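Numbered from 1 within each chain, the chains take letters A, B, ... in sequence-line order. The structure presented is a predicted model; accordingly, all values stated were derived computationally and were not measured.
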2 protein chains.
Amino acid sequence: MDPSSASLRPREPRRGRRTAVTLSDVAAAAGVSPITVSRALNTPETVSEVLRGRINATVEALGYVPNRMAGALASAKTRVIPVIVPSLSNVVFVEVIEGIQETIEAAGYQMLLGSTDYDLDREAALASTLLGWAPPGVLLAGLRHLPRTATLLKNADVPVVEFMEYGARCIDMNVGLSHVRAGAVMAAHLLERGYRRIGFVGTRMRDDYRARQRYEGMRRHIAEVGGASDILFEYPWGPGQEVGWHALADVLAADPQVDALFFANDEMAVGAVLRAQRDGIAVPGRVAVAGFNGLPMSALVTPALTTITSPRKEIGKQAATMLLSRINGTPPVQRRIDVGFVLEARSST
Amino acid sequence: MDPSSASLRPREPRRGRRTAVTLSDVAAAAGVSPITVSRALNTPETVSEVLRGRINATVEALGYVPNRMAGALASAKTRVIPVIVPSLSNVVFVEVIEGIQETIEAAGYQMLLGSTDYDLDREAALASTLLGWAPPGVLLAGLRHLPRTATLLKNADVPVVEFMEYGARCIDMNVGLSHVRAGAVMAAHLLERGYRRIGFVGTRMRDDYRARQRYEGMRRHIAEVGGASDILFEYPWGPGQEVGWHALADVLAADPQVDALFFANDEMAVGAVLRAQRDGIAVPGRVAVAGFNGLPMSALVTPALTTITSPRKEIGKQAATMLLSRINGTPPVQRRIDVGFVLEARSST
DNA sequence: GGGATTTTTGGTAGCGCAACCAAAATCTGA
DNA sequence: TCAGATTTTGGTTGCGCTACCAAAAATCCC
């Protein structure tokens with residue numbers, strides 16, 4: 001007696017599901033067994049050329065689309081990599097994502113994108129949901145997460161790369177740059193050029209802790225060196241040129257001593273330069289302006305903007321490459337990579 | 001004799017797969033049947049409060065993460081919606097994606113993002129792969145695809161929304177704006193302001209057919225009205241401020257008659273304005289400059305940029321909403337939505 | 001209070017594919 | 001020419017979950 005006869009008995013689809021073409025349909029049409037079709041598609045070199053041709057033709061003819069879920073369930077493998085970022089409105093993340101996308105797509109993987117809107121609870125929820133897809137690895141922005149997010153990812157036993165900032169403590173692997181050092185370097189530059197009252201302008205810094213790190217780096221450096229002071233201005237808006245546009249006037253009115261402004265990003269800084277231009281405020285004569293990120297537009301405004309260039313696409317590529325090498329069993333050369341940054345001293349300071 | 005007894009026989013994991021906590025584990029630990037756990041998670045209202053509490057506690061305790069693939073395979077339903085766009089470097093798509101993301105996440109769906117890099121073959125491949133996830137619907141940028149892409153999507157029998165441009169022929173549903181009309185409206189504006197030699201500056205227009213449509217709309221309008229002429233300038237670069245920065249000088253040198261320039265997007269137009277500023281070229285005195293998209297920065301440069309504002313986030317939201325309503329069985333009010341656009345006439349023209 | 005509902009729980013089967021093992025076909029060398 | 005090695009093909013089983021159906025328990029109504 002054949003215990004599996006029940007499952008071989010012909011039947012119509014169990015539920016109202018759409019009756020898509022399945023691997024068995026292709027097999028039947030091509031006159032081979034299902035497993036041969038599976039092989040022809042996944043490991044073509046193990047199937048004779050004749051059958052391969054016939055099978056490919058049948059696949060084409062029937063418009064067969066493999067059910068990835070069934071495949072993933074059977075093989076306990078997916079080629080979908082979740083990428084969790086705080087925001088898509090920020091160009092910076094988009095460029096990192098591009099780097100990731102290029103790299104993983106070239107390796108035959110797909111990207112499942114989740115955005116947390118800077119909310120750590122949402123991040124935890126997202127991580128949990130995305131792990132349900134049994135991904136081969138996870139890419140996660142930032143090093144600060146809820147304890148349960150970290151636990152979840154550690155328990156899941158998948159490679160994880162945390163990208164954006166470089167730091168000592170990571171779940172698994174880490175690629176990024178030190179924002180504290182970037183802040184310090186900018187402070188050093190501004191002090192060197194003789195500015196003595198340096199403002200930092202940021203938005204929603206409770207959420208954007210990387211901006212906070214830059215401010216911290218700057219503040220500490222100024223304190224260490226002495227002879228100058230810093231002041232923080234925070235706006236509750238989303239980061240954008242408008243913030244810089246308004247901030248320039250606000251700040252100079254609120255604290256006329258300020259002779260240099262370090263903005264949390266280039267967009268705000270560009271907004272400030274444009275405002276200065278319109279209102280005839282001399283940059284850097286009246287106030288120096290610096291940004292962060294090294295967006296192309298920073299070089300185009302007049303005066304050209306001093307900024308710190310971060311290798312965003314590179315971060316994405318490195319993160320993806322690291323993850324892929326771990327997925328493929330090759331341990332990456334290093335578990336933590338500091339991609340560094342470059343200070344672009346231009347005429348706005 | 002029980003034909004399925006074979007599958008009930010206890011066994012160790014078949015392969016070297018990682019032995020994650022499964023629904024059955026939770027059921028055993030909570031002392032209920034697996035199906036009850038499934039219900040407690042998916043349709044909590046159908047399970048008594050006592051059991052629900054016990055099950056949730058067990059889920060928590062064991063760190064159970066449902067295997068979405070198994071669920072999807074069994075129910076023939078996923079909550080993952082593929083979104084296919086030509087590019088992520090373009091802010092415009094990112095904003096549309098944000099609108100989509102917000103809307104579908106609120107409805108409990110996930111976004112699977114694919115980018116085609118303006119390659120229709122890649123688009124077809126991507127569509128095929130993504131359909132393998134048996135998605136409840138598909139969001140696709142643009143109305144122009146390879147025949148096989150359209151066939152694939154039609155055969156898949158899932159709701160599809162094509163977004164970005166509005167047009168007569170769509171696979172299923174469509175949200176966007178008419179780029180041809182936008183071009184014509186801008187032409188009308190420039191003619192009305194007295195410009196007579198109007199240049200259009202675009203990049204990679206073989207791929208970016210929406211920019212081409214705007215040019216076409218402009219060209220035809222100018223031809224219809226008479227008394228003015230147009231000229232096309234095309235750059236092989238990626239679209240960005242640098243293009244406008246260089247184009248302004250190039251164009252004026254190549255064709256000194258040109259008295260107005262309509263750029264394919266705001267970024268290029270802003271680049272041109274910044275260049276004009278640096279080089280002391282009067283805008284709009286020597287040459288008028290107009291952009292497209294209505295990015296925030298267009299209002300901040302001096303002179304403020306005339307542009308056409310497109311409701312990008314709105315397009316994303318509408319597209320997602322339409323798709324969701326179809327997924328939920330409610331046919332959307334309309335199958336095609338023209339979201340329109342607004343000409344922002346500012347001082348650069 | 002007893003039958004008819006309604007609510008809550010469980011059993012069974014199978015979604016579509018790939019891993020594992022076995023069998024068949026082909027090739028190799030003396 | 002034939003045993004043994006190699007390549008190519010097929011059968012069976014189960015991945016973890018939910019649809020469907022049925023049974024049990026709780027509630028209702030006159």
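Between Trp133(A) atom CH2 and dC15(D) atom C1' there is a gap of 15 Å when expressed in whole angstrom units. Distance Lys77(B) NZ to dG16(C) P: 15 Å, rounded to the nearest Å. Rounded to an integer number of Å, the gap from CG of Asn67(B) to P of dC15(D) is 12 Å. The separation between Leu131(A) atom CG and dG16(D) atom P is 16 Å, rounded to whole Å. To the nearest angstrom, C1' of dG14(D) lies 15 Å from CE of Met69(B). Rounded to an integer number of Å, the gap from CG of Leu73(A) to P of dG14(D) is 14 Å. Distance, Leu23(B) CG to dT18(D) P: 6 Å, rounded to whole Å. Following rounding to the nearest Å, Leu41(A) (CG) and dA19(C) (P) show an atom-to-atom distance of 13 Å.
The stretch residues 131-154 of chain B participates, sequence neighbours left out, in these ring-ring contact (aromatic ring centres under 6.0 Å, His included) pairs: Trp133(A)-Trp133(B).
For the pair Leu139(A) and Val85(A), the minimum side-chain heavy-atom distance is 4.5 Å or more. Between Leu120(B) and Thr149(B), the closest side-chain pair of non-hydrogen atoms is not below 4.5 Å. The shortest distance between side-chain heavy atoms of Thr78(A) and Met69(B) falls below 4.5 Å. Under the 4.5 Å side-chain criterion, counting only non-hydrogen atoms from C-beta, Phe93(A) is not in contact with Ser115(A).
Checking dG16(C), dC17(D), dA19(C) against the side-chain heavy atoms of Thr22(B) singles out dC17(D) as nearest.
Residue Ser75(A) places none of its side-chain N or O atoms closer than 4.0 Å to OP1 or OP2 of dA19(C).
A salt bridge is defined here as a Lys NZ or Arg NE, NH1 or NH2 lying under 4.0 Å from an Asp or Glu carboxylate O, and Arg144(A) with Glu165(A) fails to meet this definition.
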What nitrogen or oxygen pairs link the protein and nucleotides 5-9 of chain D at under 3.5 Å?
{"unit_1": "dT9(D)", "atom_1": "OP1", "unit_2": "Ser48(A)", "atom_2": "OG", "d": "2.7"}
{"unit_1": "dT9(D)", "atom_1": "OP2", "unit_2": "Ser48(A)", "atom_2": "N", "d": "2.9"}

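Less than 4.0 Å separates DNA chain D from no heavy atom of any residue of residues 52-65 of chain A.
Counted by atom type alone, Gln110(B) and Thr129(A) present zero donor-acceptor pairs between their side chains at under 3.5 Å.
The neighbour count for Glu60(A) CD, taken as heavy atoms of other residues, nucleotides or ligands under 6.0 Å away, does not exceed 12.
Note on Pro66(B): only backbone sugar-phosphate atoms sit closer than 4.0 angstrom, heavy atoms only; bases stay farther off.
Proximity of a side-chain donor or acceptor of Asn328(A) to a complementary backbone N or O of Leu324(A) within less than 3.5 Å is detected.
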